[in-house]
**Q** 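One structure, pasted below without further comment.
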Amino acid sequence: MSPSLPADLDPTTDETGHRTSRAQPADSSSPAAGRPRRPTVQSDIQEAILHPGNVRINVQGAFIVDEEQPGTPQSEDYEHDPKDIRLPNHTAVVSHIAVDVGGSLAKLVYFSREPGDDAIGGRLNFLKFETDRIDSCIEFMRNLQADHKHNNGSTPEELCVMATGGGAFKYYDQITKALGVEVIREDEMECLIIGLDFFINEIPDEVFTYSEEEPMTFMPHPPDPPNIYPYLLVNIGSGVSMIKVSGPKQYERVGGTSLGGGTLWGLLSLLTGARSFEDMLKLAENGDNSTVDLLVGDIYGQAYNKIGLKSTHIASSFGKVYKMKRAAERDAEDGCNGDMKHREEAEHVAGSSELPHSSAAFRPEDISRSLLYAVSNNIGQIAYLHAEKHGLPRIYFGGSFIGGHSQTMNTLSYAIRFWSKGNKQAYFLRHEGYLGAVGAFLKRQPRNWGRRESFQGKKPTV
């Protein structure tokens, strides 16, 4: 198998997501501009031998594409994220794909060439599948495997699968058997950090802050200050992990909570008719949590300014439900004129018209918004406490729970600002759900890496 040697190597990233110093390529006047491949030279070979294990993805001129390209795959089995990352100067063959299989979602990252015979470069593609449909994910990888063979000659380097997350172990045998290729499992926490470092350091317009007044305020690129450490990563998937990051590959899980995306998904599945996480978020967008939550204004009749609580501040999530349910029961009892048998029969009829103010009267939109606020506020407060305890100035939020949803980001941002009294901010990413998958993608270390003879007569690959 051949080593990873892109034709253009500056700037490139190593397995920690940081730039490595190489000879500068010719200047490119625009992000989409390309240049012909240059041959692998002896200095490249020597560099690779001295520093084995560094996957080199050419990020010169990289930018995020906000529309789908012609031929973008579409299916009911998965969602293709339209925010591909264009790599106009990466010309090497990429011989691997990466998948991060969590409890709820499987996230897939792969490289594809730009369409057209004379096109230069390619892009990173991002897809997600429900983990319950892992067979669809495996079938998609099988198609990528066939495309790789077709596009790279009759005897290409065998496509490798980099896998992380709990599903990398749970579905290892199934993936290996179905694809008949090497599946390399990588540590989940390490992949998250490598992926996040890559996005912060290498991709413009990736990291942003959020508020209702100024949505998506992008952070400078390169980052300012250039030393991004230390920071707290709050990764929100089915559950929540909070990771203190002190430097490249220097990390410690300092806390977390089981009340995460899986909690929201599970409870809303019970309480509403939503069938997917996206449906739940759409419901929340149109909801009014004040019909469900007990607010400060409901208790005081006004704001509690002495301790900084607005009248709209949530005093108790779902706090109105019990009172309204009791009131509905009393109304039903009065409507039955004291006929307890009639009342009991009415209570056991789902959606009975004789219980007009029962729990069935709560709008799914209001329930969704209330629960979204409850989960997000809880995560935000715990995140702030960990950042304060460990002296971490920056808090990054990742994970598929966020999904670019404005209410989620606004709630997390508000929680961080509120508890820190404005001294800290919440930072988000446009590819928040793919940190682990990208980290695994960057960790590819081909077989025979560093063997001098493996470079002879080989096509550069990654």
Side-chain angles (χ1 to χ4, degrees), residues 99-108 128-134 137 163-172 185-196 231-245 251-271 274 276-278 280-281 284 317-318 368 370-387 389-390 392 395-405 407-409 411-412 415-416 419 426-429 431-440:
V99 62
D100 175 9
V101 187
S104 302
L105 296 172
K107 288 77 65 178
L108 180 69
K128 59 185 175 184
F129 302 73
E130 290 186 16
T131 303
D132 288 344
R133 297 184 176 182
I134 193 66
C137 182
T164 189
F169 296 87
K170 183 175 181 180
Y171 300 107
Y172 174 82
R185 292 173 288 190
E186 298 290 349
D187 178 75
E188 181 177 3
M189 295 295 171
E190 184 175 342
C191 287
L192 288 171
I193 303 310
I194 292 173
L196 178 53
Y231 64 75
L232 180 72
L233 168 59
V234 183
N235 193 60
I236 314 173
S238 298
V240 184
S241 286
M242 302 196 183
I243 309 165
K244 173 186 175 182
V245 184
Y251 60 90
E252 175 189 5
R253 187 180 188 275
V254 294
T257 172
S258 62
L259 304 181
T263 307
L264 184 68
W265 197 340
L267 289 177
L268 289 184
S269 296
L270 293 173
L271 298 173
S276 71
F277 195 59
E278 293 301 319
M280 296 170 191
L281 293 180
S317 297
F318 284 80
S368 299
S370 173
L371 193 58
L372 176 68
Y373 280 168
V375 173
S376 299
N377 276 321
N378 182 62
I379 293 171
Q381 183 175 11
I382 296 174
Y384 161 74
L385 292 173
H386 279 296
K389 176 182 177 181
H390 296 282
L392 306 175
I395 305 173
Y396 293 91
F397 287 91
S400 298
F401 169 80
I402 299 168
H405 186 244
Q407 287 298 326
T408 306
M409 293 187 291
T411 304
L412 292 169
I416 298 301
W419 292 109
Y427 294 91
F428 303 96
L429 299 103
H431 295 90
E432 71 280 288
Y434 296 93
L435 305 186
V438 168

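As the structure is a computational prediction, the values presented were derived from the model and not from experiment.
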**Q** Check whether Thr164 reaches the backbone of Gly436 with its side chain - one donor and one acceptor, N or O, closer than 3.5 Å.
**A**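 The answer is no, because no donor-acceptor pair under 3.5 Å joins these two groups.
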**Q** Rounded to the nearest 0.5 Å, what separates atom CG in Leu281 from atom CD in Gln407?
**A**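 If we round to the nearest 0.5 Å, Leu281:CG and Gln407:CD are 10.5 Å apart.
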**Q** Distance check, rounded to the nearest 0.5 Å: Thr411 atom OG1 versus Tyr373 atom OH?
**A**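 One finds 5.0 Å between OG1 of Thr411 and OH of Tyr373.
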**Q** With no hydrogens and no angle check, do the side chains of Glu432 and Tyr396 hold a donor and an acceptor under 3.5 Å apart?
**A**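 Per modelled atom types, Glu432 and Tyr396 side chains form no pair under 3.5 Å.
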**Q** Side-chain contact test, heavy atoms from C-beta onward, threshold under 4.5 Å: evaluate it for Thr408 versus Phe397 and give yes or no.
**A**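 No, their side chains stay 4.5 Å or more apart.
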**Q** Are any of the side-chain heavy atoms of Met189 and Ile243 separated by less than 4.5 Å?
**A**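 Touching, per the 4.5 Å side-chain cut-off.
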**Q** Apply side chain to side chain contact (heavy atoms under 4.5 Å, CB included) to Phe129 and Ile134, showing your working.
**A** CA-CA 7 Å; Phe129 302 73; Ile134 193 66; over 6 Å; no
**Q** Roughly how far apart are Tyr251 OH and Leu232 CG, rounded to 0.5 Å?
**A**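 Answer rounded to 0.5 Å: 15.0 Å.
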**Q** Which heavy atom of Ala415 sits nearest to which heavy atom of Gln381, and what is that distance?
**A**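 Where Ala415 meets Gln381 most closely, the heavy atoms are CB-N, 4.4 Å.
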**Q** Using atom types as modelled and distance alone, determine if a side-chain donor or acceptor of Asn378 lies under 3.5 Å from a backbone N or O of Ala374.
**A**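 Absent.
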**Q** Hey, could you give me the CG/CZ distance between Leu371 and Phe318, rounded to the nearest 0.5 Å?
**A**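 Those atoms lie 5.0 Å apart.
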**Q** Measure the spacing between CD of Glu252 and NZ of Lys244 and express it to the nearest 0.5 Å.
**A**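 So the CD of Glu252 and the NZ of Lys244 are separated by 6.0 Å.
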**Q** Just by distance, do the side chain of Lys170 and the backbone of Ala168 share a donor-acceptor pair under 3.5 Å?
**A**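 Here the side-chain-to-backbone pair does not exist.
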**Q** By salt bridge (Lys or Arg N to Asp or Glu O under 4.0 Å), which residues pair with Arg185, not counting sequence neighbours?
**A**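 Applying salt bridge (Lys or Arg N to Asp or Glu O under 4.0 Å) to Arg185 gives none.
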**Q** Can Leu259 and Val240 be said to form a side chain to side chain contact (heavy atoms under 4.5 Å, CB included), step by step?
**A** CA-CA 7 Å; Leu259 304 181; Val240 184; over 6 Å; no
**Q** Not counting sequence neighbours, list each pair that qualifies as a side-chain hydrogen bond (donor to acceptor under 3.5 Å, both in side chains) and has a residue in residues 232-241.
**A**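 Output for this query lists Ser104-Ser238, Ser241-Arg253.
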**Q** Where do Cys191 and Glu186 come nearest, in terms of heavy atoms and distance?
**A**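 Distance-wise, the nearest heavy atoms are SG-CB, 3.5 Å.
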**Q** Please lay out, stage by stage, how Val99 and Lys107 fare under the test side chain to side chain contact (heavy atoms under 4.5 Å, CB included).
**A** CA-CA 6 Å; Val99 62; Lys107 288 77 65 178; over 6 Å; no
**Q** As an exercise, state the distance from CG of Leu233 to CD1 of Ile395, rounded to the nearest 0.5 Å.
**A**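 Leu233 atom CG to Ile395 atom CD1 measures 11.0 Å (nearest 0.5 Å).
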**Q** For a quick test of reading the model, state the closest non-hydrogen atom pair linking Phe401 to Gly261 and the distance between them.
**A**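 Nearest pair, atom of Phe401 first, then Gly261: CD1-CA, 3.4 Å.
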**Q** What pairs with Thr263 under side chain to side chain donor-acceptor pair (under 3.5 Å), at least two apart in sequence or on another chain?
**A**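 Scan of Thr263 (side chain to side chain donor-acceptor pair (under 3.5 Å), adjacent residues dropped) gives none.
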**Q** Looking at every non-hydrogen atom in both residues, tell me the closest pair between Met280 and Ala274 and how far apart they are.
**A**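 Looking at all heavy atoms of both residues, the shortest contact is CG-CB, 3.5 Å.
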**Q** Can you name the nearest heavy-atom pair linking Ile416 to Ala383, along with the distance?
**A**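 Where Ile416 meets Ala383 most closely, the heavy atoms are CD1-CB, 4.3 Å.
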**Q** List the steps and the verdict of side chain to side chain contact (heavy atoms under 4.5 Å, CB included) for Ile402 and Met409.
**A** CA-CA 7 Å; Ile402 299 168; Met409 293 187 291; 3.6 Å; yes
**Q** Does the side chain of Glu130 reach to within under 4.5 Å of the side chain of Cys137, using non-hydrogen atoms?
**A**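 A side-chain contact is absent here, since even the closest heavy-atom pair is not under 4.5 Å.
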**Q** Classify the ring geometry between Tyr434 and His431 as parallel (under 30°), tilted (30 to 60°) or perpendicular (over 60°).
**A**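 If you compare the ring of Tyr434 with that of His431, the planes turn out perpendicular.
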**Q** Are any non-hydrogen side-chain atoms of Ile193 and Tyr231 less than 4.5 angstrom apart?
**A**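 Yes - at least one pair of side-chain heavy atoms lies under 4.5 Å apart.
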**Q** So which of Leu268, Asn377, Leu264 actually passes side chain to side chain contact (heavy atoms under 4.5 Å, CB included) with Leu372?
**A**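 Among Leu268, Asn377, Leu264, the one meeting side chain to side chain contact (heavy atoms under 4.5 Å, CB included) with Leu372 is Leu264.
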